[in-house]
Amino acid sequence: MFSHRLTSKLEKNRLTLLLEQKKQRGTAILDLTGSNPTQANLAYPEDILSSLTDCRSMLYHPSAKGLMEARTAVARYYCERGQGEIDPEDIVLTASTSEAYAFLFKLLADPHQNILAPQPSYPLLDFLAAGEAIDVVRYPLIYHDRWQLHITEITDHITSQTRALVAVTPNNPTGSFLKVSEWNSLKETCSRHKLPLICDEVFFDYPLDETISRFDPIAEQDVLTFVLSGLSKVVGLPQMKMGWIVIRGPKEQRRLARERLEIISDTFLSVNTPVQHASPKLLQIRVSIQEQIRLRIQRNLTLLEDLFSASSLESLPVEGGWYVVVRVPDTRSEEAWALHLLADYNTSVHPGYFYDFYQEPFLVLSLLTPEKLFKEGIGRLLEAAG
Ligand SMILES: Cc1ncc(COP(=O)(O)O)c(C=O)c1O
C-alpha cells in the first residue's frame, strides 16, 4: 500500500524509545540537544505578531517565486551582510530550507541518482533525499586539529549518476566553515564535472571566529550555485515557515534553473501570504535575536572550556553555528554514553552517530541551551565521566 521511500526511517532507535518512556512516566529531562530557538528563553520583540496582521494578507496573489516585496527584503538582507546587490528575480521563496532542498533535488536529480553531501552532517538530508527517491553519497570532513575537506575524497565519489554537491557552511554539527581554499578546489571540481553546488548557509550569521577566510557563494559567477537559508535560523523564527534559494552562477544557467524552479514552486505555492508581507520587518528584527543567540553561544562555550579543562572530556573547536562536538573517553560506545546519560542522569545528548561521524565516541550538544541548564547538564556529563 505504501511506497518504500521512507520505510528504513520508520524504526526508532534505543535512545528515542528510552526518551519516550521517560517522558510518559513524567520524568523531567535536562535536554542538551534543543535547537528550537522559540523554546530557548530568548526575548523576542513584541511587535513580531503585529507584523503578521497586514490587511493585504486578505488578498491571495499567488506568485510562484514569492511576492516581490519579500524577495526584495531577502536581497536587502544579503546587501546588509555586505554581499552586494542581488536581483530579486534570482531569489525563490520556500516554506523552509528543508523544502528548498526538496525543490532542488526535484530540479536536479531523477530517481536513483545521487547528490554528494558532507559526513558528518545534518541528518535530515537523508530523509529529504529519500522523499525524492534519490541517494545521498557522503564525502568525509576529516578532523585534524580542525575539520577539513579533502578534495580527492570528493572526486573519488563522483559518478555519472551524481547530480549535485552539497556544502553546509558552517556545518551542523561540526561548526566548521568552508574556507576560501577549499571552495576553490570544490569549484574546480564542480566545473570539471558540470555539477551545481548547493550551499546551505543557515548558520552564516553565527561565526565565532571572525578571522577565518570563509568563502562567499553569493559572489559566485562561474559555477551554478544555489545558496539556501531562511527565517528559521536567521531570525530564530522556524514557525514562520519562510526559507529561500538564491541562484548564483552563469547567466544562462541561472535562467534555465529559474524557469524550472518556478514550475516546481508554482505546483505547491507553499509560502503563506502573511509571512511574506511581514518578512521585511522580521528580517529587520534579526539583529536583536542574533545578538542574544551569539551571546548565549559564547557564554556556553566559555563555560564548557572552563569546566572541561581539568577533565577527560574535550570540546572540539567551533568556528560557527549552534552546536559543539564533545569527545568523551572511549570507555563506552557513543550510544552507551548517550543511554547512560539519559538512563542514570536524565540528561539528553545526541550521539555522534546521529550525524554519521567516522570515529567515536563523540557527543553533540546544543549551545542554544539556556545557560543555567547548560551548566547543570555539563555538571552531569562530568559526573558521568567520573
Ligand atoms: C544545516 C541545516 N540546514 C537546514 C536546516 C533546516 O532549516 P529549516 O528550519 O529552514 O527547514 C537545519 C535545521 O536545523 C540545519 O541544521
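Note that the structure is predicted; figures quoted are calculated from it, not measured.
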Item to complete: Give a yes/no verdict on a cation-pi contact between R286 and Y77, requiring under 6.0 Å between NZ or CZ and the six-membered ring centre and an angle within 45° of the axis.
Response: no
Worksheet entry | Stepwise side chain to side chain contact (heavy atoms under 4.5 Å, CB included) check, L256 with L224 | CA-CA 10 Å; L256 294 171; L224 181 62; over 6 Å; no
Discussion item. Would a single hydrophobic cluster contain both L368 and I289, if residues Ile, Leu, Val, Met, Phe, Trp and Tyr are joined by side-chain heavy-atom contacts under 4.5 Å?
Written reply: yes
Worksheet item: Going hydrophobic residue to hydrophobic residue with side-chain gaps under 4.5 angstrom, can you get from V328 over to F374?
Response: yes
Worksheet item: Do any pairs count as a salt bridge (Lys or Arg N to Asp or Glu O under 4.0 Å) and have a residue in residues 256-268, sequence neighbours left out, and if so which ones?
Response: D90-R258, R255-E259
Worksheet item: So, do V74 and S279 sit near enough that their side-chain heavy atoms are less than 4.5 Å apart?
Response: no
Worksheet item: For E11, does the CD atom have more than 12 heavy-atom neighbours from other residues, nucleotides or ligands under 6.0 Å away?
Response: no
Worksheet entry | Single hit among T159, I134, V136 for side-chain contact (heavy atoms from CB on, under 4.5 Å) with N114 | T159
Item to complete: Might you confirm whether atom CD of Q161 has over 12 heavy atoms from other residues, nucleotides or ligands at distances under 6.0 Å?
Response: yes
Fill in: Partner of E99 by side-chain contact (heavy atoms from CB on, under 4.5 Å), out of T94, L128, L104, L228
T94
Worksheet item: Taking C-beta and beyond as the side chain, do T162 and V137 meet within less than 4.5 Å on heavy atoms?
Response: no
Item to complete: Taking all heavy atoms of C190 and all of V223, pick out the closest pair and write down the distance.
Response: CB-CG1, 3.8 Å
Worksheet item: Under a 4.5 Å cut-off applied to non-hydrogen side-chain atoms, are D54 and P274 in contact?
Response: no
Item to complete: Would you name the heavy atoms of L93 and G66 that are closest together and state the gap between them?
Response: CD1-CA, 3.8 Å
Worksheet entry | Within-4.5 Å side-chain heavy-atom neighbours: I142 and W147 | no
Item to complete: Taking only Lys NZ, Arg NE, NH1 and NH2, and the carboxylate oxygens of Asp or Glu, determine whether R56 and E69 approach each other closer than 4.0 Å.
Response: yes
Practice prompt. Please report the closest heavy-atom contact between T369 and N300, naming both atoms and the distance.
Written response: O-ND2, 2.8 Å
Worksheet entry | Selection residues 105-142 - residue pairs positive for ring pair (Phe, Tyr, Trp, His ring centres under 6.0 Å), sequence neighbours left out | Y101-F105
Item to complete: Begin with the C-alpha distance, continue with both residues' side-chain angles, and end with the deciding distance and a verdict on side chain to side chain contact (heavy atoms under 4.5 Å, CB included) for T97 and K233.
Response: CA-CA 10 Å; T97 314; K233 306 294 185 290; over 6 Å; no
Worksheet item: Would F357 and Y143 count as a close aromatic pair, with their ring centres under 6.0 Å?
Response: no
Side-chain atoms of residues 38-45: list all donor-acceptor pairs with protein atoms under 3.5 Å, sequence neighbours left out, distances to 0.1 Å.
{"from": "T38", "atom 1": "OG1", "to": "N36", "atom 2": "OD1", "distance (Å)": "2.7"}
{"from": "Y44", "atom 1": "OH", "to": "P37", "atom 2": "O", "distance (Å)": "3.4"}
{"from": "Y44", "atom 1": "OH", "to": "G236", "atom 2": "O", "distance (Å)": "2.6"}

Worksheet item: CD of E252: more than 12 outside heavy atoms within 6.0 angstrom?
Response: yes
Practice prompt. Check whether I297 and V234 end up in the same hydrophobic cluster, where Ile, Leu, Val, Met, Phe, Trp and Tyr are linked by side-chain heavy atoms less than 4.5 Å apart.
Written response: yes
Item to complete: Could you pull out all residues at least two apart from F203 that satisfy ring pair (Phe, Tyr, Trp, His ring centres under 6.0 Å)?
Response: W322, Y323
Fill in: Selection residues 272-305 - residue pairs positive for ring pair (Phe, Tyr, Trp, His ring centres under 6.0 Å), sequence neighbours left out
none
Worksheet item: Given K9 and D126, is the salt bridge (charged side-chain N to carboxylate O under 4.0 Å, His left out) satisfied, shown in steps?
Response: CA-CA 9 Å; K9 314 284 182 213; D126 290 312; 5.2 Å; no
Worksheet, complete the sentence: Residues at least two apart in sequence or cross-chain that pass ring pair (Phe, Tyr, Trp, His ring centres under 6.0 Å) with Y353, listed by chain then number, are none
Item to complete: Can you run down the ring pair (Phe, Tyr, Trp, His ring centres under 6.0 Å) pairs that involve residues 210-239, sequence neighbours left out, and say none if there aren't any?
Response: W183-F215
Worksheet item: Within a radius of less than 6.0 Å around CZ of R81, do more than 12 heavy atoms belonging to other residues, nucleotides or ligands occur?
Response: yes
Worksheet item: Shortest non-hydrogen contact from S265 to V92?
Response: OG-CG1, 3.5 Å
Worksheet item: Honestly curious: do L341 and L304 fall in one hydrophobic cluster under the side-chain, below-4.5 Å linking rule?
Response: yes
Practice prompt. Quick one: pull up CD1 in I218 and CZ in F204 and give me the separation to the nearest 0.5 Å.
Written response: 8.5 Å
Item to complete: Using a strict 4.0 Å threshold on nitrogen-to-oxygen distance, state whether E319 and K179 make a salt bridge.
Response: yes
Worksheet entry | Linked, directly or transitively: L141 and V180 (ILVMFWY side chains, under 4.5 Å) | yes
Discussion item. Under a plain distance cut-off of 3.5 Å, with no hydrogens placed, do N171 and T174 share a side-chain donor-acceptor pair?
Written reply: yes
Fill in: Y355 and its side-chain contact (heavy atoms from CB on, under 4.5 Å) partner, picked from P118, S121, P173
P173
Practice prompt. State which residues pass side-chain contact (heavy atoms from CB on, under 4.5 Å) with T155; sequence neighbours excluded, sorted by chain then number.
Written response: T152, T189, R192, H193
Worksheet entry | Between N13 and T16, a side-chain donor and acceptor under 3.5 Å | yes
Worksheet item: Any ion pair linking R380 and E376 (charged N to carboxylate O, less than 4.0 Å)?
Response: yes
Worksheet item: For Q83 and D216, does a side-chain donor sit closer than 3.5 Å to a side-chain acceptor?
Response: yes
Worksheet item: Does any pair with a residue in residues 19-44 pass salt bridge (Lys or Arg N to Asp or Glu O under 4.0 Å), and if so which ones, sequence neighbours excluded?
Response: K12-E20
Practice prompt. Scan residues 330-359 for pairs that pass salt bridge (Lys or Arg N to Asp or Glu O under 4.0 Å), counting only residues two or more places apart or in two chains.
Written response: R14-E335
Discussion item. Would you say CG of D156 has more than 12 non-hydrogen atoms from neighbouring residues, nucleotides or ligands within 6.0 angstrom?
Written reply: yes
Practice prompt. Could you list the residues that satisfy side-chain contact (heavy atoms from CB on, under 4.5 Å) with R5, not counting sequence neighbours?
Written response: S3, A133
Worksheet item: Is K187 paired with E220 through a side-chain N to carboxylate O contact shorter than 4.0 Å?
Response: yes
Worksheet entry | Distance under 6.0 Å and angle within 45° of ring axis: R146 vs F177 | no
Discussion item. Using every non-hydrogen atom in the two residues, find where P329 and W337 come nearest and quote the distance to one decimal.
Written reply: O-NE1, 2.9 Å
Discussion item. Considering only residues two or more places apart or on different chains, which pairs with a residue in residues 158-167 satisfy salt bridge (Lys or Arg N to Asp or Glu O under 4.0 Å)?
Written reply: none
